[in-house]
Number of protein chains: 2
Amino acid sequence: MAEKIVSSRDAILAAALREFAARGFAGARVETIARAAGINKAMLFYYFSSKEGLYQAVLQEVMAEFFKKVQGLITPPLTPGEFLERFPKLYIELCASNPDFVRLVGFDLIQNPDNICSVMAGIITRMSEFKPHPLFEVIRRWHAQGQISEADPVQFMMNVVALSIFSFIGRPMVEAISGMRVADDGDFYARRVTSVVNVLKRGMLK
Amino acid sequence: MAEKIVSSRDAILAAALREFAARGFAGARVETIARAAGINKAMLFYYFSSKEGLYQAVLQEVMAEFFKKVQGLITPPLTPGEFLERFPKLYIELCASNPDFVRLVGFDLIQNPDNICSVMAGIITRMSEFKPHPLFEVIRRWHAQGQISEADPVQFMMNVVALSIFSFIGRPMVEAISGMRVADDGDFYARRVTSVVNVLKRGMLK
DNA sequence: TGTTATATTAACCATATGGTTAAACCAATC
DNA sequence: GATTGGTTTAACCATATGGTTAATATAACA
């Protein structure tokens, strides 16, 4: 066969994402990643020069993919109402279908916020469309035109992202407090989207 | 002197909280904890039989303290409006003054949700007042009486907790996207409380 | 004072882990 | 068929790490 189904490099990246997401950087074992990728441990150091290098590569790849998707959403001009409907939906569905992404970013956000910030900054810089980051200008304009009630774009985005992403990390916590087990069907996320969109629109739209 | 300023046991617990919060379970070094606590490593295994045991003890202690405070808030009967004002305020201020708590719980939530769930369940069971967990009954009643718009108590609480806790974990992320550095003064949290309470009341109160 | 239970330490130990190396394999190209 | 350059592996290595032990200090107490 001319090409392998997956290159060793890609197999390593995929396996590494799973392992890092499951155990964090320190808890991840290079050996385990190699075995899961079906290659010798030395291969891993051949492609990525260290565990740290591999980690950064995974983070880079995964974040870049994520930003590409978000960018697609916010490129066309939107009304605040449209934005508050589409962003959480995209975000929640994206996270639901990539649980490893959420956990990886979560770990990094807790442990080493500066690192993920610089990774994101790097990606944003490379995507010229994001440059001065139009989104925050847009949000400011929405408020200036009296379309939304929240004046501070940072608070605005925090509210949006918080409600969206917490559906994943915080679910077990709420389950524990409530004593209720939330069904793990796709339905849960559909209901979650509804609730979030509702709160955001009623809460921040004028 | 009859008693030491702090018992070795407590010194270990305090140092362990710091270390586990900073590096996660796997990243934490027993040696480092011992040194920070000013005792010999063997002492640590003398009081807590293993690294895992120490970790659980820390989690237990920290969660119990947290629940005690939350309980104080929700014990008296409240209107939904009062609840939506006081809960986020308490939550955000609590997290702001105990960043280690947030990170420790965050780690555990991502890596091992079942564990923290059972810890919480244990604590709740021991606090008899929480038993059938009245809070969720109360929320249901609020909706039945037409006082709030969200019918599902799980969604209701998720919205509340998400907006409150994300102020900490997610802040660097929003900062990176926005390119703005949020001032680290106490003011930030005050503004955050205002925004969250606003969204929640406008978004879920009828 | 002798006894006992609790605290505390220095010195070890077995193992796991990130990382290296030198040799082999393999496909393309000359 | 020899050369070359990327790919892959088994066998190592140094070190860090969780955990143990046996001996000692301390305080309470009979």
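All chains are named by letter (A, B, ...) in the order of the sequence lines, taking the proteins before the strands, and each is independently numbered beginning at 1.
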Can you tell me how far [atom2] of [N] sits from [atom1] of [X], to the nearest Å?
X	N	atom1	atom2	answer
B/Tyr46	C/dA10	OH	P	17 Å
A/Ile39	D/dA10	CD1	P	11 Å
A/Glu31	C/dT17	CD	P	9 Å
B/Ile12	C/dT8	CD1	C1'	11 Å
B/Met43	C/dT9	CE	C1'	9 Å
B/Arg29	D/dT15	CZ	P	17 Å
B/Tyr55	D/dG18	OH	P	15 Å

- prompt: Touch check for B/Ala28, heavy atoms < 4.0 angstrom, all strands: base, sugar-phosphate only, or nothing?
  reply: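 Contact class for B/Ala28: sugar-phosphate only.
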
statement: With sugar-phosphate taken as primed atoms, P, OP1 and OP2 and all else as base, the protein-contact string of nucleotides 19-25 of chain D at under 4.0 Å (heavy atoms; B, S, -) is BBB----

- request: Give a yes/no answer on whether the side chain of B/Tyr47 brings an N or O atom under 4.0 Å of OP1 or OP2 in C/dT6.
  value: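 The answer is no; no side-chain N or O of B/Tyr47 sits under 4.0 Å from OP1 or OP2.
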
message: Whether B/Ser8 contacts C/dT8 is assessed here as follows: a side-chain N or O lying under 4.0 Å from the phosphate OP1 or OP2. Is that the case?
response: yes

Listed partners of B/Lys201 passing side-chain hydrogen bond (donor to acceptor under 3.5 Å, both in side chains), at least two apart: B/Glu85

- request: Identify, with sequence neighbours excluded, every residue that meets salt bridge (Lys or Arg N to Asp or Glu O under 4.0 Å) alongside B/Glu93.
  value: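 By the salt bridge (Lys or Arg N to Asp or Glu O under 4.0 Å) rule, B/Glu93 matches B/Lys89.
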
Run the side-chain contact (heavy atoms from CB on, under 4.5 Å) test against [X] and tell me which residues pass, sequence neighbours left out.
X	result
B/Glu31	B/Arg35, B/Lys41
B/Val62	B/Leu17, B/Phe101, B/Leu104
B/Arg141	B/Glu137, B/Gln145

query: What about the rings of A/Phe20 and A/Phe107, do their centers lie closer together than 6.0 Å?
result: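 So the answer is no for these two rings.
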
